[in-house]
Amino acid sequence: MKPPPEPAPLESGGPGPSDSRILHVDMDAFYASVAVRDAPELRGRPVIVGGGNRGVVLSATYEARAFGVRSAMPMARARGLCPTAVVVPADHGRYREVSRAIMDVFRDVTPLVAPISLDEAFLDVGGGRRLFGTPVDIARAIRGRIATEQGLTCSVGVAPSMFVAKIASARCKPDGLLVVPPDEVLAFLHPLPTAALWGVGPRTEQALTRLGIRTIGDIARTPADTLRRALGAGAGGHLHALAHGRDGRRVEPDGVDVSVGAEETFSADLADPERLARELLRLSGRVAARLRARGQAARKISIKVRHADFSTVTRARTLAEPTDVTWVIYRTAGELFDELRATSRPLVRLLGVRAARLSAAGRTSHQLAFDERPSGWAEVDRATDGARRRFGEESVRPASLLPDRPRRPAPPREWGPGRV
DNA sequence: AATAGCAGTAGGCCCTGG
DNA sequence: TCATCCAGGGCCTACTGC
């Protein structure tokens, strides 16, 4: 999800809407519910979506949750808790389809839809009274449509602000509807544990516990300065405001992404420099293709390396000019990787490539440096994109990525497996 | 005993250029 | 010329959440 944007400046009249007109709609056990819907023989059984020998649980039916299975839990542990569970691999294409249909339902009642993920969104339905009825009417209608059109259940929180609506939907799961009127917000919030607040994860919860703060009410009774000292100026002030029910954020239709990346955990830890270089090339190709698909170019390239002991480092470099070219990204990532491993080379568990500082790709006038020849790499990418459109994603890839030929990864003379 | 693949922000540190 | 301060950018880690 996207972290909360900065609270908008308050308009005269106080913090946010004075009526409960914000909806948070959250699908119940989304991936698992889609899997069961599409394979009815699974109904009633514990089902876990996830997999891979080193994967985590992406979603689990309530039957599986009864055994203690939770999302983000390592699969090995989940299987231990619930050996009878049916394990189903994820099908992201399918989830995207269903997601689009659901979001369309939301947009039928208001243009103010802020998707948080495939299965969850905020809606501001304050403007729809005349056409669609009260926020509660609208919430019921949405739940009905999703049930009949998709055969799926969702839970809806209705409140005067986004974060209260979010907590409300979580408290009425599954298949629930919970309305928090403005004058009941504080009574609703204060008994809840601090972790119920958006932005309080395990670390922050620990820090608060050390101060003897356990509930949202405790936060509200703590001086803002104490919180700021313990959690930092930003987070401290933010939590203090939330605990008093103040949340100036509005529901804004999606903003643009500020970065795109690709990363992968390998089925076994890697040491082989050639293999690592090939993986870097593959990830670079994926990032570049996604940039081109959005018509964007990036000025900052970063890599992420997770070692066998789970320690993680990132390295980044800003380019002289934006790029969407596979080879430029690969070369940069390779240099960063080289520098990182100049001194020591622990086994690699995960590798990632990310592109940031995005701009519209445009046909920027490109000044060739003295020692630079027109490389033709952009043309290679264009041809690749075209072939993939016609013949499918798997139709084109660099020779070094062909399964039969674990050779050296393509061109960069300056950087290649020979030097790793 | 095991820990995905994304994405985002905050805060600390260092360097650079007035 | 040197010391000092400050602002801004870049980099990195830590944390959060779906």
Side-chain angles (χ1 to χ4, degrees), chain A residues 1-7 24-31 48-59 70-81 89-90 92 95-96 99 114-122 163 166-167 169-170 194-208 228-239 254-267 269 283 286-287 290 299-320 336 339-340 349-358:
Chain A
M1 60 141 258
K2 290 194 201 319
E6 266 314 291
H24 180 258
V25 186
D26 197 1
M27 302 302 295
D28 300 321
F30 185 51
Y31 296 178
I48 298 175
V49 179
N53 50 346
R54 311 172 95 177
V56 298
V57 174
L58 297 170
S59 178
R70 296 288 178 271
S71 65
M73 175 182 282
M75 279 302 298
R77 180 154 152 67
R79 284 180 209 267
L81 287 167
H92 291 280
Y95 310 142
R96 259 193 297 276
S99 179
I116 297 304
S117 63
L118 288 181
D119 75 319
E120 166 182 4
F122 287 101
F163 90 102
K166 166 105 177 144
I167 295 174
S169 72
T194 57
L197 283 180
W198 218 6
V200 178
R203 301 302 182 143
T204 308
E205 188 182 13
Q206 247 180 45
L208 290 170
R228 277 192 252 269
R229 267 195 304 278
L231 308 173
H238 186 60
L239 290 192
D254 238 1
V256 272
D257 285 344
V258 317
S259 73
V260 303
E263 64 188 64
E264 187 167 327
T265 298
F266 306 116
S267 52
D269 300 336
L283 293 165
R286 262 166 58 189
V287 170
R290 283 179 58 193
R299 271 200 69 198
K300 180 171 154 181
I301 304 301
S302 61
I303 62 166
K304 172 163 141 187
V305 181
R306 175 122 73 210
H307 301 123
D309 67 359
F310 227 72
S311 63
T312 308
V313 292
T314 62
R315 288 293 182 272
R317 176 158 301 163
T318 299
L319 305 173
L336 291 167
E339 290 159 19
L340 188 61
R349 175 192 179 89
L350 168 150
L351 216 45
V353 174
R354 176 159 296 276
R357 295 191 56 181
L358 307 182

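Since this is a predicted model, take the numbers as computed values, not measurements. Each chain gets a letter, A, B and so on, in the order its sequence line appears, and its residues count up from 1.
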Take the protein atom [atom1] of [X] and the nucleotide atom [atom2] of [N], then report the distance between them rounded to whole Å.
X        : N      : atom1 : atom2 : result
A:Leu81  : B:dA1  : CG    : P     : 14 Å
A:Leu239 : C:dG17 : CG    : P     : 10 Å
A:Leu358 : B:dA7  : CG    : C1'   : 12 Å
A:Arg357 : B:dG8  : CZ    : P     : 15 Å
A:Asp119 : B:dC6  : CG    : P     : 17 Å
A:Arg54  : B:dA2  : CZ    : P     : 11 Å
A:Asn53  : B:dT3  : CG    : P     : 8 Å
A:Met75  : B:dA4  : CE    : P     : 12 Å

Closest contact, heavy atoms only, [X] versus [Y]:
X        : Y        : value
A:Ser59  : A:Phe30  : OG-N, 4.0 Å
A:Arg54  : A:Phe266 : NH1-O, 2.6 Å
A:Leu336 : A:Ile301 : CD1-O, 3.6 Å
A:Gly236 : A:Leu231 : N-CB, 4.1 Å

- Can you find a pair of side-chain heavy atoms, one from A:Val287 and one from A:Val260, that are under 4.5 Å apart?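 Result yes, sub-4.5 Å side-chain heavy-atom pair found.
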- Task: For the residue pair A:Arg290 and A:Arg286, establish whether any side-chain heavy-atom pair is separated by less than 4.5 Å.
- Result: no
N/O (side chain, [X]) to phosphate O (OP1/OP2, [N]) under 4.0 Å:
X        : N      : answer
A:Arg306 : B:dG5  : no
A:Arg349 : B:dT3  : yes
A:Ser117 : C:dG17 : no
A:Thr318 : C:dC11 : yes
A:Ser71  : C:dC18 : no
A:Arg354 : B:dA7  : yes
A:Lys304 : B:dA4  : no
A:Arg203 : C:dA14 : no
A:Thr204 : C:dC15 : no

Heavy atoms under 4.0 Å, any strand shown: does [X] hit a base, just sugar-phosphate, or nothing?
X        : value
A:Ala262 : sugar-phosphate
A:Ala76  : nothing
A:Ile303 : nothing
A:Arg299 : nothing

Side chain of [X] only, please: which of [options] is the nearest?
X        : options               : result
A:Leu58  : B:dA4, C:dC12, C:dT16 : B:dA4
A:Phe310 : B:dA4, C:dC18, B:dA2  : B:dA4
A:Arg315 : B:dC6, C:dC18, C:dC12 : C:dC12
A:Lys166 : C:dC18, B:dG8, C:dT13 : C:dC18
A:Arg286 : C:dC15, B:dA7, B:dC6  : B:dC6
A:Trp198 : B:dA4, C:dG17, B:dG5  : C:dG17
A:Arg290 : C:dC18, B:dC6, B:dA1  : B:dC6

- Query: Pick the nucleotide of DNA chain B nearest each of A:Val57 and A:Ser259; which residue has the one closer to the 5' end?
  - Reply: A:Val57
- Note on the structure: Assert: residue with more 5' nearest nucleotide on DNA chain B, out of A:Val258 and A:Leu350, is A:Leu350
- Report, as a single string ordered 5' to 3', how protein heavy atoms within less than 4.0 Å touch nucleotides 11-18 of chain B: B base, S sugar-phosphate only, - not at all. S-------
- When you measure from the side chain of A:Thr312 to the backbone N and O of A:Phe310, does any donor-acceptor pair fall under 3.5 Å?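 Looks like yes, one N/O pair under 3.5 Å.
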- Query: Say you pick atom P in B:dA2 and the same atom in C:dC18; how far apart are they, in whole Å?
  - Reply: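 My reading of the P atoms in B:dA2 and C:dC18 gives 27 Å.
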- Item | Electrostatic pair A:Glu263-A:Lys304, nearest N-O below 4.0 angstrom |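 Yes.
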- Query: Considering heavy-atom distances to DNA chain C, does A:Leu336 or A:Gly201 have its closest nucleotide positioned more toward the 5' end?
  - Reply: A:Leu336
- Note on the structure: Residues passing the side chain to side chain donor-acceptor pair (under 3.5 Å) test with A:Ser267, sequence neighbours excluded, are none
- Task: Sequence neighbours left out, what passes ring-ring contact (aromatic ring centres under 6.0 Å, His included) with A:Phe163? Give chain and number order.
- Result: none
